[in-house]
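Just below is one structure, and these are the notes that go with it.
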Amino acid sequence: MPELPEVETTVRGISPYLVGNTITNLVVREPRLRWPIPESLVDHIVGRQVTNIIRRAKYILIEFESGHLLIHLGMSGSLRLTSIGESSKFHDHVDFEIGTERLLRFHDPRRFGCVLWIDGDPAEFRLLKNLGPEPLTDDFNANYLYKMSRNRKTAVKNLIMDSRVVVGVGNIYASEALFRAGIRPGTRASRISTPKYHRLVSAIKDTLNAAITSGGTTLRDFVNGYGMPGYFSQELLVYERAGKACRVCQNSISKRVIGQRSTYYCRTCQK
DNA sequence: CTTTACGCCTGACGGC
DNA sequence: TGCCGTCAGGCGTAAA
């Protein structure tokens with residue numbers, strides 16, 4: 001499932017083929033995504049040149065002079081480059097034809113993703129305006145996280161998964177980062193000290209960076225811009241390892257539900 | 001304000 | 001073999 005590293009991997013993969021090139025055709029086979037693909041999208045992008053492409057949280061923003069194309073991969077979505085004329089398969093919902101040969105194909109079996117158009121400043125768009133800082137920037141640091149945690153009764157895992165606090169930390173990497181930081185996921189956010197938040201912030205950045213380096217995590221069907229899987233799943237320390245030996249201390253990995261999400265941790269390594 | 005529950009959707013998997 | 005219930009998950013939204 002795409003988390004921040006997968007989205008980053010996708011953006012890096014497709015960027016060289018998009019920026020500076022013109023969208024020559026749009027094919028929408030299935031507009032019923034999380035929100036319907038607007039019918040006016042074709043008028044906004046066909047015949048227009050892509051000027052830039054960036055990631056914000058887990059959103060992909062493809063910039064045109066007239067506005068931004070917003071794409072979210074949901075939990076089963078992928079974007080991959082192929083060639084115009086390549087036959088489409090089940091759940092290949094949208095094709096963006098680029099120039100005369102290339103094709104960017106949006107595939108999303110579960111249709112939790114979205115393809116939308118943004119007029120004006122993307123930062124003010126309803127889906128983006130309430131987002132917290134990017135986890136890999138200096139705005140996300142121990143002092144900031146400590147301040148955000150005060151008067152919060154919720155578990156620290158919920159805190160770091162709250163997109164208003166920090167974006168891009170999904171369920172997999174939340175468990176992974178808390179393990180690396182030696183913090184139990186169920187600990188109340190307000191009872192964690194600044195030094196521990198320092199370790200947690202570092203662990204989040206390290207985990208995300210390592211996953212980006214590995215090309216993202218592939219648990220089911222994620223593929224990057226080239227249609228290749230990521231390899232970070234081989235490096236997961238606790239996620240989906242309930243009952244297996246901790247890679248550090250050999251004790252059994254525990255599993256419990258926090259915030260309606262499966263959560264994995266080591267009772268020995270995490271206090 | 002914070003916190004919680006739900007629903008969207010398909011595919012994988014286990015039990016019978 | 002097939003059917004059916006359950007789970008998985010990002011995240012916006014409604015409700016508490």
Side-chain angles (χ1 to χ4, degrees), chain A residues 1-11 29-37 55-61 70-79 88-94 106-116 118 122 124-132 134-135 145 147-177 185-192 204 208 211 216-223 229-230 232-233 236 238-243 255-264:
Chain A
M1 54 219 66
E3 292 209 41
L4 185 146
E6 288 80 351
V7 178
E8 182 66 27
T9 300
T10 297
V11 166
R29 299 186 191 80
E30 176 53 88
R32 295 176 303 165
L33 304 182
R34 177 152 198 193
W35 298 281
I37 299 175
R55 176 189 60 72
R56 172 72 173 111
K58 295 174 190 172
Y59 293 94
I60 297 168
L61 281 159
L70 179 82
I71 298 177
H72 197 289
L73 301 177
M75 66 152 291
S76 62
S78 64
L79 282 172
S88 66
K89 298 188 172 61
F90 196 32
H91 301 312
D92 284 343
H93 303 314
V94 187
F106 177 83
H107 175 90
D108 186 8
R110 268 155 263 193
R111 293 197 271 123
F112 283 8
C114 66
V115 175
L116 296 172
I118 301 177
E124 295 302 314
F125 190 66
R126 64 184 178 91
L127 298 175
L128 305 178
K129 67 180 180 183
N130 293 320
L131 295 177
E134 287 289 326
L145 194 54
K147 280 179 189 164
M148 295 300 284
S149 73
R150 295 307 96 176
N151 306 317
R152 288 269 196 148
K153 292 186 173 180
T154 198
V156 61
K157 184 189 179 229
N158 291 331
L159 181 77
I160 63 175
M161 289 184 66
D162 186 336
S163 64
R164 293 164 304 180
V165 174
V166 59
V167 301
V169 181
N171 198 44
I172 298 173
Y173 298 123
S175 282
E176 291 298 307
T187 308
R188 286 190 180 196
S190 59
R191 300 186 60 177
I192 292 178
I204 289 170
L208 293 175
T217 307
T218 296
L219 288 182
R220 288 177 181 84
D221 57 2
F222 172 75
V223 290
F232 192 72
S233 56
L236 294 176
V238 289
Y239 190 79
E240 285 195 337
R241 298 196 68 246
K255 173 183 178 179
R256 62 173 281 213
V257 174
I258 296 176
Q260 289 80 242
R261 297 284 183 269
S262 294
T263 306
Y264 302 85

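Just so we're on the same page: letters track the sequence lines, and every chain starts at 1.
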Once you apply a heavy-atom cut-off of 4.0 Å, does R164(A) come out as touching a base, just sugar-phosphate, or nothing? base
Touch class at under 4.0 angstrom, heavy-atom based, for K255(A) against every strand present: sugar-phosphate
Between [N] ([atom2]) and [X] ([atom1]): distance, integer Å:
X       : N       : atom1 : atom2 : value
Y264(A) : dC7(C)  : OH    : P     : 13 Å
F90(A)  : dT10(B) : CZ    : C1'   : 8 Å
M148(A) : dT2(B)  : CE    : P     : 8 Å
M75(A)  : dC7(C)  : CE    : C1'   : 10 Å
Q260(A) : dA5(B)  : CD    : P     : 5 Å
L73(A)  : dG10(C) : CG    : C1'   : 11 Å
M161(A) : dA8(C)  : CE    : P     : 13 Å
F106(A) : dC9(B)  : CZ    : P     : 14 Å

Once you measure the plane-to-plane angle for H93(A) and F106(A), does it fall in the parallel (<30°), tilted (30-60°) or perpendicular (>60°) bin? tilted
Contact between R55(A) and I60(A) at the side-chain level, heavy atoms closer than 4.5 Å - yes or no? no
Along DNA chain B (nearest heavy atom to each residue), the more 5'-positioned of R152(A) and L33(A): R152(A)
Hey, which of these two, S262(A) or G168(A), hits DNA chain C nearer its 5' end, going by closest nucleotide? S262(A)
For the ring pair (Phe, Tyr, Trp, His ring centres under 6.0 Å) test, which of Y59(A), W35(A), F125(A), F112(A) pairs with H72(A)? Y59(A)
Please enumerate all residues that pass salt bridge (charged side-chain N to carboxylate O under 4.0 Å, His left out) together with R164(A), with sequence neighbours excluded. D162(A)
Net bend of the helix from dT2(B)-dA16(C) to dC16(B)-dG2(C), end axes of five pairs each, nearest 10 degrees: 50°
Hey, is CZ on R29(A) packed in by over 12 heavy atoms from elsewhere, all under 6.0 Å? yes
When you measure from the side chain of K58(A), which nucleotide among dC11(C), dT10(B), dA5(B) comes out closest? dC11(C)
Counting only side-chain N and O atoms of T154(A), is one of them less than 4.0 Å from OP1 or OP2 of dT4(B)? yes
Check ring pair (Phe, Tyr, Trp, His ring centres under 6.0 Å) between Y264(A) and all other residues, then give those that pass, not counting sequence neighbours. Y239(A)
When you compare the side chains of S88(A) and D92(A), does any donor N or O come within less than 3.5 Å of an acceptor on the partner? no
Would F112(A) count as stacked on dC11(C) if the rule is ring centres under 5.5 Å and plane angle under 30°? no
Which atoms of nucleotides 12-16 of chain C (N or O only) lie under 3.5 Å from a protein N or O atom, and what are those distances?
| residue | atom | partner | partner atom | Å |
| --- | --- | --- | --- | --- |
| dG12(C) | OP1 | Y59(A) | OH | 2.5 |
| dG12(C) | O4' | R34(A) | NH2 | 2.9 |
| dT13(C) | OP1 | R126(A) | NH1 | 3.4 |

Residues in side-chain hydrogen bond (donor to acceptor under 3.5 Å, both in side chains) contact with S175(A), at least two apart in sequence or another chain: none
Those residues at least two apart in sequence (or on a different chain) that pass side-chain hydrogen bond (donor to acceptor under 3.5 Å, both in side chains) with K58(A) are none
Test side-chain contact (heavy atoms from CB on, under 4.5 Å) on L128(A) and I118(A) and set out the steps. CA-CA 11 Å; L128(A) 305 178; I118(A) 301 177; 4.1 Å; yes
